[in-house]
Amino acid sequence: MRADGLVNQFTARYNPGQDKNGISVMAQRITPKPGIMDIDLYVGGDSTLAGTAPVIKLSSNENPLGPSPRAIAAFRDCADQLALYPPSDHAELRAAIAEVHGLDPARIICGDGSDEVIAWLCYAYAGPGDEVIHTTHGFSMYRISCLAAGATPVEVAEQNRCVDVDRILAACTPRTRLVFIANPANPTGTMLEKAALARLAKGLPAHVLLVLDGAYTEFAEGYDGGLSLVESHENVFMTRTFSKIYGLGGLRIGWGYGARQVIDVLNRLRGPFNLTGAALQAARAAVLDQQHVAHCRAENARLRELLRAELKEIGIPSDRSYANFILARFSDAATADAADTALRAHRIIVRKVKGYKLPQCLRITIGTEAACQSVIEVLTEFMKGQG
Ligand SMILES: *Cc1c(COP(=O)(O)O)cnc(C)c1O
């Protein structure tokens with residue numbers, strides 16, 4: 001009792017209260033910049049469930065086939081060089097990316113995941129009073145990085161879960177600095193066709209930088225990630241990642257491609273050693289193994305169609321997806337929650353997307369064939385119970 005009393009006295013004196021986020025009022029005397037406390041923490045896909053039995057993780061759009069064996073070998077080869085600082089210029093990796101995609105290596109910048117590239121863009125081009133456009137179901141890092149930079153996020157409505165070019169163009173003001181869209185988009189999986197994308201690039205004022213987030217480019221057969229638009233417009237920038245089709249999410253490697261002057265700006269923000277030596281070597285080996293990429297793309301397309309068609313058959317529609325997941329639609333939020341619970345009971349973890357204003361949906365990563373079959377079996381049982 002006595003000890004409790006002392007603790008309570010201490011708490012009352014030094015921790016006089018908490019705000020709605022549970023942060024002590026004392027701590028608020030050290031005040032962050034405006035906007036920082038408006039940031040909702042990024043919520044990633046769950047990876048564990050209670051208990052020890054293995055789980056099927058379909059919540060983070062990871063590649064079920066893993067990286068190229070050559071990338072794994074390159075990573076292992078780095079084990080005896082851990083005392084050395086990595087190269088700062090990323091020249092070898094940029095050369096390999098440039099070779100594979102036919103790009104100018106001087107206009108490539110490599111980041112600690114494409115998330116870091118997104119953050120640089122916001123820090124470099126948007127500050128207090130500036131506006132950054134993202135769309136209703138757009139990837140959450142755009143808003144987070146915008147607020148971190150002190151700028152104002154502007155949310156533009158989509159049309160049936162697709163980015164709406166006209167609404168974006170109408171939302172531009174003299175204050176607009178950046179427009180972020182992912183193509184294909186996450187979590188909807190939908191995509192703007194070439195003509196619509198070109199219309200967006202052409203229609204934006206010259207003071208606005210259009211960022212085409214190409215995290216899922218490789219899954220969309222025949223799409224160049226917006227490269228041709230980057231080449232023809234100084235104010236179009238493309239980001240790419242090694243986290244998705246390359247199966248290297250754990251190593252954190254992304255890159256951006258844009259006009260020389262934009263790359264020059266971003267390089268001023270880049271930490272000199274932002275990528276580890278092992279990440280650089282593994283990514284280089286990965287990008288040079290396009291056979292593995294083609295195999296992953298083909299398997300993904302086959303299983304994505306299988307999953308889409310089987311779920312449609314049992315009354316769970318989804319938009320045509322161009323990525324490595326589908327967005328399954330249920331009749332309402334309660335049904336989506338119940339389906340999620342049913343999947344978890346079978347140790348399958350998918351992604352709830354309430355935070356993306358899609359409470360009636362679940363985003364399901366295309367896993368192995370066995371994983372897809374398990375999802376279909378569980379949801380078939382589940383839908384029978386829905387009568
Ligand atoms: C997964 C994803 C990324 C990639 O992030 P990294 O930091 O490169 O792992 C970027 N944009 C979108 C839309 C994504 O879904």
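We count ligands from 1, going down the list as the structure has it; atoms in each ligand are counted the same way. Note: hydrogens, waters and symmetry copies are ignored here, and every other heavy atom, side chains too, is used.
- Near Ala215, meaning under 4.0 Å from any of its heavy atoms, are these atoms of ligand 1: 2 (C), 3 (C), 10 (C), 11 (N), 12 (C), 14 (C).
- Within the 4.0 Å heavy-atom criterion, both parts of Ser114, backbone and side chain, lie near ligand 1.
- Side chain to side chain, Gln281 and Asp77 fail the donor-acceptor criterion of an N or O pair below 3.5 Å.
- Those atoms of ligand 1 that come under 4.0 Å of a heavy atom in Ser243, given as number and element, are 6 (P), 8 (O), 9 (O).
- The ligand atoms of ligand 1 that sit less than 4.0 angstrom from a heavy atom of Gly113 are 6 (P), 7 (O), 8 (O).
- Across the listed options Glu62, Lys244, Arg252, Arg240, Lys244 owns the non-hydrogen atom lying nearest to atom 2 (C) of ligand 1.
- Tyr246 is linked by a ring-ring contact (aromatic ring centres under 6.0 Å, His included) to Phe242, counting only residues two or more places apart in sequence or in another chain.
- Residue Asp115 has at least one N or O atom closer than 3.5 Å to an N or O atom of ligand 1.
- Note on ligand 1: Gly254 sits outside its first shell, no heavy atom being nearer than 4.0 Å.
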Kindly determine whether Phe180 and Thr135 satisfy side chain to side chain contact (heavy atoms under 4.5 Å, CB included), including the steps that lead there. CA-CA 8 Å; Phe180 281 102; Thr135 61; over 6 Å; no
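- Of the listed options Asp213, Ile253, Asn183, Asp213 places a heavy atom closest to atom 12 (C) of ligand 1.
- Residue-to-ligand polar distances keep Tyr142 apart from ligand 1: every N/O pair is separated by 3.5 Å or more.
- Salt bridge status for Arg199 with Asp166: present, with a side-chain N to carboxylate O gap under 4.0 Å.
- Tyr216 meets the ring-ring contact (aromatic ring centres under 6.0 Å, His included) test with Phe325; sequence neighbours excluded.
- With a 4.0 Å heavy-atom cut-off, ligand 1 is reached by the side chain of Tyr216 but not by its N, CA, C or O.
- Summarising the geometry of Ala151 relative to Asp130, their closest heavy-atom pair is CB-O, 3.5 Å, with the distance given to 0.1 Å.
- Residue contacts with ligand 1 leave out Asn61, since none of its heavy atoms falls under 4.0 Å from the ligand.
- Using cut-offs of 30° and 60° for the angle between ring planes, the His101 and Trp255 rings count as tilted.
- Shown in contact with Asn186 at under 4.0 Å from a heavy atom are these atoms of ligand 1, numbered in order with element: 13 (C), 14 (C), 15 (O).
- Both Val165 and Tyr223 belong to a single network of hydrophobic side chains, linked directly or stepwise wherever heavy atoms of I, L, V, M, F, W or Y lie under 4.5 Å apart.
- Ion pairing between Glu218 and Arg240 holds under the 4.0 Å rule for side-chain N and carboxylate O.
- When heavy-atom distances to ligand 1 are checked against a 4.0 Å cut-off, Met141 has no atom that comes that close, whether in backbone or side chain.
- In Glu116, neither the side chain nor the backbone holds a heavy atom less than 4.0 Å from any atom of ligand 1.
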